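Every chain is numbered from 1, with letters handed out A, B, ... down the list of sequences. Just so it is clear, the structure is predicted and the values come from calculations on it, not from any experiment.
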Number of protein chains: 2
Amino acid sequence: MGKLTADAIVERALEIGDAEGLDSVTIRRLATDLGVTPMALYWHFKNKEQLLAGMADHLVDGFAPRSGDGRPWQEELRELVEGLIRVLRRHPCAKDVLEQTDHTDVPSFLKVWNGSLGLARSAGFGPKESCLISRFLLEGAISIAGSSGHVHRRLPDDEAAELRRVKRLRLQSLPVGVYPYLVEMAEPMAEGGDEEFYDSFGVDLLLGGIDTLAARHSGE
Amino acid sequence: MGKLTADAIVERALEIGDAEGLDSVTIRRLATDLGVTPMALYWHFKNKEQLLAGMADHLVDGFAPRSGDGRPWQEELRELVEGLIRVLRRHPCAKDVLEQTDHTDVPSFLKVWNGSLGLARSAGFGPKESCLISRFLLEGAISIAGSSGHVHRRLPDDEAAELRRVKRLRLQSLPVGVYPYLVEMAEPMAEGGDEEFYDSFGVDLLLGGIDTLAARHSGE
DNA sequence: ACCTGAACACCGTTCAAGT
DNA sequence: ACCTGAACACCGTTCAAGT
């Protein structure tokens, strides 16, 4: 079966990344998994950087921000951020992938970027402000999507629980004189917490910040 | 001269990271720079992870958040974030270092974390909310400090300018039908922009968001 | 306590060659 | 067009040994 395609490579790479962490996604490992020689991959991707970009593209692909249906820009922007977060949450390694990628190499990400840029403009922000806003928003979304447990790979429930336990104990065993709050709040710190709460909280913070800026902007 | 100390190692590591990028910070490279065998470093650091943590600690060390002087928490929180940003800006590779580090291994970072936690509590947020807030704030600060040019190493001015030029052209040569805003705003996108503008904008966004949350919190 | 030598098990990538 | 074989220049890390 001569069915080694770029898509198949990317999909297997994401599987490995989700299951064992992005560090395990290696040209050589990938090749043995796919039953080919490492050098076979170099026909489909110029180098590992391009493979990473392919993974990133696959990640956010399938999410296209709607736009221009006349709703207030706040709503559209919120939908865009929430949609991106939802898509990234499907892959535990998503954050790591996007962190190691030049976003301008990722067409699907550029689409989202373009969308948020447009929305920022339609909100009345100037060109420079809009660039910053869309950057903060997208980076914020990636950050939110990536940190509900801070372990960027899929784990069996018991292992995850054990990891939280150890993390909590580590915090609690810190010198209480130096880090009083960290010790006191070790429990909520170690909890990943419900993703839903985490997400809505983060999104509210981001959009609330933008709202503040917008108000000040039109006020002065 | 037998003066191979942990500090000397960390300092050389940061120099390499700032000048050539964090990828160039390698046990072996570091060793040859310091005129020793690679294995010499393993006496001072258990492994590379610990070395990274040492770099991170050196990075934010020297910044201790003041606190409890009776000012409104908004002011103190702002000072904390701005202070952290200012300190991180001294090293181009700071963001990359902190991204690859488990923050609970970095005492100086824990101090800042503890400070922001306390401020969030004193602002009236609950334990869970305070955890999220301090996380967002610190991640936000790191993100802001790290991305005024998106090249995380020191470059001669002409090379930096050339890099911006190429980046702008790349954006402008995108299909305008798919990415109209990116093409139109290629220039401000490629500009790193004044760091000052970038920083204050980002900090305002973050703190504005928290203010919004605080208002809602005490309102309901 | 502090460092070296030799070895192990990995990486990404190039280049010529096969079909 | 698509893949292999062999080789190059790297990694981090262990372990026994030196002083």
Legend entry - Pairwise distance CE(B/Met189) to CG(A/Leu132) - rounded to 0.5 angstrom: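 Reported value, rounded in 0.5 Å steps: 9.5 Å.
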
Inset, instruction - Could you go through the side-chain hydrogen bond (donor to acceptor under 3.5 Å, both in side chains) check for B/Thr104 and B/Asp102 one step at a time? - result: CA-CA 5 Å; B/Thr104 60; B/Asp102 179 356; 2.9 Å; yes

Legend entry - Separation of the C1' atoms in C/dA16 and D/dC2, to the nearest angstrom: 15 Å

Legend entry - Nucleotide pairing, DNA chain D (Watson-Crick or G-U, distances under 3.5 Å), in dot-bracket with [ ] and |: ||.|||||...|||||.||

Inset, instruction - Using a cut-off of 6.0 Å, state whether more than 12 heavy atoms not belonging to A/Asp158 lie near its atom CG. - result: yes

Would you call [X] and [Y] a salt bridge, taking side-chain N to carboxylate O under 4.0 Å as the test?
X	Y	value
A/Asp199	A/Arg89	yes
A/Asp204	A/Arg78	yes
B/Arg170	A/Asp105	yes
B/Glu191	B/Arg164	yes

Legend entry - Sub-6.0 Å ring centroid separation between A/Phe109 and A/Phe63: no

Inset, instruction - Go along nucleotides 4-19 of chain C 5' to 3' and tag each nucleotide: B for a protein heavy atom under 4.0 Å from its base, S when only backbone or sugar atoms are that close, - otherwise. - result: BBB----BBBB-----

Legend entry - B/His44 side chain near C/dC3 phosphate (N/O to OP1/OP2, under 4.0 Å):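 Checking B/His44 against C/dC3: at least one side-chain N or O falls below 4.0 Å of OP1 or OP2.
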
